Amino acid sequence: NSNHALRNLDAFENLSSIGWGLYIHNHDVLESIQGLSGVSSIGRLLSIQRNKTLKTLEGLNQVATLPHYLSIWDNTALENLDGLNEVSQVGTLYLVHNTSLTQIALPALTRIDYVLFMSNNDILENLDGFNNLSYVGDEVEIRENTSLTNFCGLQQLVQNNFNGEYNVVENGSNPSQSDLSTGNCD
């Protein structure tokens, strides 16, 4: 945490697993996490927060599950979630205040055990990256994403009888669960 001169994580190229969790926080010039490309297992959680120049998550391509949570928060240059393509299950997913995020590509994600929370991803327009998401255990809360107008990526979730709390407010569009189930999603 907080190494303001760190540009990459290449020193970790031989690392294959992380027991508890990985925190990548507060790095002003971190441009690449490709040095983590050998990591295939993270025991509980992955938290990537306040990295001003990180544009992609390439390097985490082998990680499939994060039982506790995945938190991607306040990474102002992050454009996409490429690198998380193999993640199929998370406990809770937080995507908050990633002001350059234009797309969510999580093609393997089918299950969120607890909460999907998204807020203040200012230029994100759609949720297409959630097309295969079929289960969220407790709550979907999507708020204050001002450009977000297309929620079609959540159709499968709703059609699989999602019965948790559904809070979608203050986005570019705010379809109800009923809207999504009838195809009125964009």
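Only a predicted model underlies this, so the values are computations on that prediction, with no experimental measurement involved.
Annotation: side chain of S134 is in contact with side chain of N160 (closest heavy-atom distance under 4.5 Å). Looking only at side-chain heavy atoms (C-beta outward), D186 and S173 stay at 4.5 Å or farther from each other. Put simply, the side chain of Y114 does not reach to within 4.5 Å of the side chain of V136, judged on heavy atoms. Side-chain contact between L46 and L60 is present, with heavy atoms from C-beta onward closer than 4.5 Å. Considering only heavy atoms from C-beta on, Y69 stays 4.5 Å or farther from V90 through its side chain. In this structure, I142 and V140 have side chains that are in contact, with non-hydrogen atoms separated by less than 4.5 Å. By the 4.5 Å heavy-atom criterion applied to side chains, M118 and N145 are counted as neighbours. Between L101 and I123 there is no side-chain heavy-atom pair separated by less than 4.5 Å.
Judged by distance alone, with hydrogens and angles left aside, the side-chain atoms of S119 form no donor-acceptor pair with the main-chain N or O of E144 at under 3.5 Å. For the pair S88 (side chain) and L109 (backbone), a donor-acceptor distance under 3.5 Å is absent. For N80 (side chain) and T102 (main-chain N/O), no donor-acceptor pair under 3.5 Å exists by modelled atom type. Remark: the backbone N or O of Q34 is paired with a side-chain donor or acceptor of S32 at under 3.5 angstrom. Counting only distance, with no hydrogens or angles, the side chain of N132 and the backbone of P107 share a donor-acceptor pair below 3.5 Å.
Shortest non-hydrogen contact noted between N98 and N75 is OD1-N, 3.1 Å. For L78 against L81, the heavy-atom pair with the smallest separation is CD2-CD2, 4.1 Å. When all heavy atoms are compared, the tightest approach of L45 to L66 is C-CD2, 4.2 Å. Nearest heavy-atom pair, N171 versus L148, reported as atom, atom and distance to 0.1 Å: CB-O, 3.8 Å. Minimum interatomic distance between S181 and V158 (heavy atoms only, all atoms of both residues): CB-CG1, 3.8 Å. Between I42 and W20, the shortest heavy-atom contact is CG2-O, 4.5 Å.
Note that the CG atom of N26 and the CG atom of L6 stand 12.0 Å from one another [nearest 0.5 Å]. Atom CG of D179 and atom SG of C185 lie 9.0 Å apart (nearest 0.5 Å). I112 contributes atom CD1, which lies 5.0 Å from atom CG of L93 (distance to the nearest 0.5 angstrom). Atom OG1 in T92 sits 7.5 Å away from atom CG in D138 (nearest 0.5 Å). Going from atom CD1 of I72 over to atom CG of L84 covers 5.0 Å, rounded to the nearest 0.5 Å. Annotation: the span from F130 atom CZ to L106 atom CG amounts to 5.5 Å, rounded to 0.5 Å.
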Can you give me every donor-acceptor pair (side chain of residues 150-157, partner residue at least two apart or in another chain, under 3.5 Å) with its distance?
from	atom 1	to	atom 2	distance (Å)
N150	OD1	C152	N	2.9
Q155	NE2	L180	O	3.3

**OP:** Give the C-alpha distance, both sets of side-chain angles, the deciding distance and a yes or no for side-chain hydrogen bond (donor to acceptor under 3.5 Å, both in side chains) between D113 and Q89.
**Re:** CA-CA 8 Å; D113 293 327; Q89 179 179 356; 3.0 Å; yes
Original post:
Can you check side chain to side chain contact (heavy atoms under 4.5 Å, CB included) on T65 and V87, steps first, answer last?
Top reply: CA-CA 5 Å; T65 61; V87 173; over 6 Å; no
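Atom OH of Y166 has more than 12 neighbouring heavy atoms from other residues, nucleotides or ligands inside a 6.0 Å radius. In this structure, F12 places its CZ atom where only 12 or fewer heavy-atom neighbours from other residues, nucleotides or ligands lie under 6.0 Å away. Atom OH of Y94 is surrounded by 12 or fewer heavy atoms from other residues, nucleotides or ligands within 6.0 Å.
Under the 4.5 Å side-chain contact rule for hydrophobic residues, V169 and V96 do not share a cluster. Residues I18 and L70 fall within the same hydrophobic cluster, defined by Ile, Leu, Val, Met, Phe, Trp and Tyr side chains chained together at heavy-atom separations under 4.5 Å. A single hydrophobic cluster is seen to contain both L15 and V63, as judged by linkage of ILVMFWY side chains at heavy-atom distances under 4.5 Å, directly or through other members. Taking hydrophobic clusters as Ile, Leu, Val, Met, Phe, Trp and Tyr residues chained together by side-chain heavy-atom distances below 4.5 Å, Y23 shares a cluster with W73.
Listed by first then second residue, pairs satisfying salt bridge (charged side-chain N to carboxylate O under 4.0 Å, His left out) with a partner in residues 20-31 read R7-E31, D28-K52, not counting sequence neighbours.
Between Q49 and S47, the side chains place a donor N or O and an acceptor N or O closer than 3.5 Å (distance only, hydrogens not considered). Looking only at atom types and distance, the side chain of N167 has a donor-acceptor partner in the side chain of E139 under 3.5 Å away. There is no side-chain donor-acceptor pair under 3.5 Å between E125 and T149. In this structure, a donor-acceptor pair under 3.5 Å is present between the side chains of D74 and H97.
Residues meeting the side chain to side chain donor-acceptor pair (under 3.5 Å) test with Q177, sequence neighbours left out: none.
Exactly one of L9, N61, L57 qualifies for a side chain to side chain contact (heavy atoms under 4.5 Å, CB included) with L36. That residue is L9.
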